[in-house]
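Below you'll find the structure, written out as structure tokens, and then a few comments.
Lettering follows sequence order; numbering is per chain, from 1. Quantities reported herein were computed from a predicted structural model and do not represent experimental measurements. Keep in mind that the numbers below use all heavy atoms, side chains included, and drop hydrogens, waters and symmetry copies.
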Amino acid sequence: MKVRVPHRWDVSTTEAKAIQEQLRSQVSQKKFRGKVRHVAGVDVSVKNNRSIAAVVVLRFADLEIVDVARAELPVKFPYVPGYLSFREIPVILAAMERLVASPDLFLIDGQGIAHPRRVGLASHLGVLLDKPTIGCAKSRFIGTHEEPDAKAGCYTDLFDRDELIGAVLRMRTNVKPLYISVGHKIDLPTALDIVLDCCAGYRLPEPTRLAHQAAGGTLRM
DNA sequence: GCGACAG
DNA sequence: ATCTTGTCGC
């Protein structure tokens, strides 16, 4: 897929913060109304100071793989909480350009609006691609919440002060929950429905789970 | 000032 | 994220 040239990536955290403040107003939380045929999972692995991004596209109906794209680049930005997108998006975009299929929606390994400035990795990527995205993080970044019930499918709200910024969703019974948040062009209830529909019995939804394997070089198919 | 802190 | 095998529990 084609990717629009956005802004610079070799910036300081101060400049990155300014870019986030500017992107913030472009993030949409409007309900996604469209048919989901293909869902993509996105993940990045880092090894020997090199980043490898993987995008795995699945048919939403049966979660079968229809396309896989990868890209590798030297790491150019350190991991700084709050600025993960500046470290991971460049290599993700490189992989996107090699994608043949055109996914209707993306599940991202990281936060969406559950971020200090409401522009986590999933939201930032969504705005750049102008596509619906959902943040599927494995741990909490910001916000407070009650512990969801132990059963698969149960969830609690994630708040920042009095603002609802996401949900803590149990994908599998008695297994640590995921932190789901709106990325872009979708609302939280719809995001939760889609993530649950992408569950194949593991802690991670299938798109992200396979992307993790593809980025780590252990995807079997 | 202190602790927390996506991947 | 990454370093890493077996092991405990549902």
Side-chain angles (χ1 to χ4, degrees), chain A residues 9 13 16-17 19-20 23-24 27 41-56 70-95 106-128 133-145 148-154 158-161 163 165-184 188 191 195 201-205 207-219:
Chain A
W9 295 106
T13 51
K17 187 173 186 177
I19 290 172
Q20 291 178 334
L23 286 168
R24 173 179 200 153
V27 177
V42 179
D43 191 34
V44 174
S45 69
V46 178
K47 190 158 190 174
N48 300 321
N49 229 41
R50 296 186 66 78
S51 297
I52 298 178
V55 182
V56 176
R70 304 207 295 165
E72 181 171 343
L73 286 178
V75 172
K76 294 174 185 172
F77 199 94
Y79 168 66
V80 183
Y83 303 94
L84 180 66
S85 60
F86 288 82
R87 176 182 174 84
E88 303 199 334
I89 288 186
V91 69
I92 289 175
L93 293 183
F106 296 80
L107 300 197
I108 318 295
D109 195 319
Q111 313 288 351
I113 64 169
H115 174 281
R117 289 167 291 286
R118 307 293 182 265
V119 200
L121 174 61
S123 297
H124 194 156
L125 187 61
V127 169
L128 296 190
T133 58
I134 298 172
C136 302
K138 298 182 293 301
S139 64
R140 187 196 72 94
F141 182 24
I142 66 164
T144 57
H145 64 86
D149 288 341
K151 283 287 190 180
C154 293
L158 177 65
F159 289 99
D160 181 13
R161 296 294 190 91
E163 183 182 350
I165 59 172
V168 185
L169 173 67
R170 190 91 61 186
M171 295 288 283
R172 184 175 169 157
T173 303
N174 287 327
V175 169
K176 189 202 288 192
L178 293 186
Y179 291 74
I180 309 301
S181 58
V182 166
H184 184 49
L188 187 56
V195 170
Y202 298 95
R203 178 161 88 114
L204 302 182
T208 317
R209 192 179 75 84
L210 295 176
H212 182 75
Q213 295 182 348
T218 54
L219 176 62

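- In this structure, A:Gln213 atom CD and C:dA1 atom P are separated by 13 Å, rounded to whole Å.
- Mapping A:Thr173 and A:Glu88 onto DNA chain C via the closest heavy atom, the residue that lands nearer the 5' end is A:Glu88.
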Base-pair string, DNA chain C, Watson-Crick plus G-U, cut-off 3.5 Å on both distances, | for inter-strand, is ..........

Atom pairs, N/O to N/O, protein against nucleotides 2-9 of chain C, distance under 3.5 Å?
from	atom 1	to	atom 2	distance (Å)
C:dT2	OP1	A:Val46	O	3.3

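- Between the side chain of A:Gln20 and the main chain of A:Gly82, a donor-acceptor pair closer than 3.5 Å is present.
- For the side-chain hydrogen bond (donor to acceptor under 3.5 Å, both in side chains) condition, the pairs that include at least one residue of residues 81-90 of chain A, sequence neighbours left out, are A:Tyr83-A:Arg117, A:Ser85-A:His124.
- A donor-acceptor pair under 3.5 Å links the side-chain atoms of A:Arg172 to the main chain of A:Gly201, judged by distance alone.
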Using Watson-Crick and G-U wobble pairs whose two distances are both under 3.5 Å, how do you write the pairing of DNA chain B as dot-bracket, with | for links to another strand? .......

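- Across the protein-nucleic acid pair, A:Leu73 atom CG and B:dG7 atom P stand 21 Å apart, rounded to whole Å.
- The one candidate from A:Lys176, A:Arg203, A:His212 that meets the side-chain contact (heavy atoms from CB on, under 4.5 Å) condition with A:Lys138 is A:Arg203.
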Distances for protein N/O vs nucleotides 4-6 of chain B N/O pairs under 3.5 angstrom?
from	atom 1	to	atom 2	distance (Å)
B:dC5	OP1	A:Arg140	NH2	3.4
B:dA6	OP2	A:Tyr79	OH	2.6
B:dA6	N7	A:Gly82	N	3.2
B:dA6	N6	A:Gly82	O	3.2
B:dA6	N6	A:Tyr83	N	3.2
B:dA6	N6	A:Leu84	N	3.2
B:dA6	N1	A:Leu121	N	3.2
B:dA6	N3	A:Gln111	N	3.2

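- Rounding to whole angstrom units, OH of residue A:Tyr179 and P of B:dG7 are separated by 10 Å.
- For the pair A:Val44 and A:Val91, the minimum side-chain heavy-atom distance is below 4.5 Å.
- Contacts of A:Lys17 classified as salt bridge (Lys or Arg N to Asp or Glu O under 4.0 Å), with partners at least two apart in sequence or in another chain: none.
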